[in-house]
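Heads up: the structure comes next, in structure tokens.
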Amino acid sequence: MDISLNVNGHRHALSLDPRVVLLDALRENLGLTGTKKGCDQGQCGACTVLIDGQRVLSCFVLAALATGEITTIEGLAGEGEPLHPMQQAFIEHDAFQCGYCTPGQILSAIACVHEGHATDEDEVREYMSGNLCRCAAYPNIVKAVLAAKSDMAANA
Ligand code: FES
Ligand code: FES
């Protein structure tokens with residue numbers, strides 16, 4: 001079927017099998033490999049993207065039904081532009097090791113802050129619990145989210 005995806009501010013016309021999920025359309029059809037495939041069954045959060053600002057698991061969404069504005073990790077900061085405060089905070093707080101979970105962590109964390117679910121360490125842990133990190137970088141991820149929250153508020 002013919003579909004149209006709005007990704008990072010650009011509209012893409014694609015012809016896909018209706019069973020294709022958004023994660024595969026992003027990676028295989030659009031070459032946006034920043035979105036990672038971990039479990040492919042809704043359990044790890046590695047595939048998290050934003051649709052109209054809400055975090056979604058792209059392995060669980062049919063591409064044909066993804067009608068909103070999709071943001072992937074590639075869309076947070078353009079070539080030569082400053083990083084998003086959450087990206088910067090992950091670097092400054094050493095919030096990753098292998099980096100495989102990081103794109104999903106960052107997008108989920110941005111939504112977590114916008115949802116108002118980043119008031120303290122416990123709340124960040126709770127509302128980021130859908131994003132698993134095999135390297136167990138959790139303490140520094142929590143620090144990064146809380147630090148970025150202040151920067152995001154200052155830049156709002
Ligand atoms: Fe989607 Fe794991 S790849 S939740
Ligand atoms: Fe390796 Fe999270 S940094 S899985």
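First listed ligand is number 1; within each ligand, the first listed atom is number 1. Excluded from the calculations below are hydrogen atoms, water molecules and symmetry mates; all remaining heavy atoms, backbone and side chain alike, are included. Quantities reported herein were computed from a predicted structural model and do not represent experimental measurements.
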Discussion item. Between Leu23 and Leu62, is there shared hydrophobic-cluster membership here, with clusters defined by ILVMFWY side-chain heavy atoms closer than 4.5 Å?
Written reply: yes
Practice prompt. Using a strict cut-off of under 4.0 Å between a residue heavy atom and any atom of ligand 2, list the qualifying protein residues by chain and number.
Written response: Phe96, Gln97, Cys98, Gly99, Cys101, Cys133, Arg134, Cys135
Discussion item. So if I count the atoms of ligand 1 from 1 in the order they appear, which ones are less than 4.0 Å from some heavy atom of Asp40?
Written reply: 2 (Fe), 3 (S)
Practice prompt. Using a strict 4.0 Å cut-off to heavy atoms of Gln43, name the atoms of ligand 1 that fall inside it.
Written response: 4 (S)
Which pairs of donor and acceptor atoms, one on a side chain in residues 81-95, lie under 3.5 Å apart (sequence neighbours left out)?
residue: Glu81; atom: OE1; partner: Gly78; partner atom: N; Å: 2.9
residue: His84; atom: ND1; partner: Met86; partner atom: N; Å: 2.9
residue: Gln87; atom: OE1; partner: His84; partner atom: N; Å: 2.9
residue: Gln88; atom: NE2; partner: Glu92; partner atom: OE2; Å: 3.1

Worksheet item: Between Arg27 and Thr33, does any side-chain donor sit less than 3.5 Å from a side-chain acceptor?
Response: no
Item to complete: Carefully, step by step, assess Ile106 and Leu76 under the rule side chain to side chain contact (heavy atoms under 4.5 Å, CB included).
Response: CA-CA 10 Å; Ile106 287 174; Leu76 289 185; 3.7 Å; yes
Fill in: Where ligand 1 meets Cys39 - atom numbers and elements under 4.0 angstrom, heavy-atom basis
2 (Fe), 3 (S), 4 (S)
Item to complete: Check the pair His114, Met152 against side chain to side chain contact (heavy atoms under 4.5 Å, CB included), reporting the backbone distance first and the verdict last.
Response: CA-CA 9 Å; His114 284 145; Met152 287 167 68; 3.6 Å; yes
Item to complete: Identify, by atom number and element, the atoms of ligand 1 in contact range of Cys59, meaning under 4.0 Å from any of its heavy atoms.
Response: 1 (Fe), 3 (S), 4 (S)
Fill in: Close-contact set for ligand 1 against Gly42 heavy atoms, below 4.0 Å
4 (S)
Worksheet item: Would you say the side-chain atoms of Arg55 and Thr48 include a donor-acceptor pair closer than 3.5 Å?
Response: no
Discussion item. Would a single hydrophobic cluster contain both Tyr127 and Leu107, if residues Ile, Leu, Val, Met, Phe, Trp and Tyr are joined by side-chain heavy-atom contacts under 4.5 Å?
Written reply: no
Worksheet item: For Thr72 and Asn8, does a side-chain donor sit closer than 3.5 Å to a side-chain acceptor?
Response: yes
Response to the item:
Cys47 heavy atoms within 4.0 Å reach ligand 1 at atoms 1 (Fe), 3 (S), 4 (S)
Worksheet item: Between Tyr100 and Arg134, is there a cation-pi geometry (under 6.0 Å to ring centre, at most 45° from the normal)?
Response: yes
